[in-house]
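Worksheet for the structure shown next.
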Amino acid sequence: PLNNRTLFRRDANLCMYCSLQFRTSELTRDHITPISRGGSDVWTNVVTACRGCNQAKSGQAFLNDNLLKSDIEFCKKLAVLVTPPDKKTP
């Protein structure tokens, strides 16, 4: 069944927008095509997103380069601050 735990595992706890890895508590389920725009709550329409990217997308059915640029940079900086040294990738 579709649930966040399995979704986050499928996506390796990576935000599909900023490509950073987060703790489960920092992740959300994002609908690629929002339910409000006719999307479905099915595996092929959902991805893992960090809270910042999901909020920045907020109901958009698609992303363009400028929409999330500043939010992605913010998420990358935040991830560096909150990631324990032994978990950081080289």
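Treat the numbers as computed from the prediction; the structure is a model and nothing was measured.
Within the model, atoms CZ of F8 and CD of E26 stand 11.0 Å from one another, a figure rounded to the nearest 0.5 Å. Distance check, rounded to the nearest 0.5 Å: CZ of R5 to CZ of R29 gives 14.0 Å. Taking CD of Q21 as the reference point, atom SG of C50 lies at 12.5 Å (rounded to 0.5 Å). Atom CG of residue L27 and atom SG of residue C53 lie 10.5 Å apart, to the nearest 0.5 angstrom. Atom CG of D11 and atom OG1 of T6 lie 11.0 Å apart (nearest 0.5 Å). Note that CZ of R9 and CG of N3 are 8.0 Å apart. Values are rounded to the nearest 0.5 Å.
Looking at N54 and R51, their side chains never come closer than 4.5 Å, going by heavy atoms from C-beta outward. A heavy-atom distance below 4.5 Å is not found between the side chains of T33 and H31.
I32 and V46 get closest at one heavy-atom pair: CD1-N, 4.2 Å.
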Quick one, D30 with Q55, criterion side-chain contact (heavy atoms from CB on, under 4.5 Å). Give me CA distance, side-chain angles, the key distance, then yes/no. CA-CA 9 Å; D30 184 53; Q55 188 171 24; over 6 Å; no
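Side-chain N/O atoms of T48 and N13 include no donor and acceptor closer than 3.5 Å.
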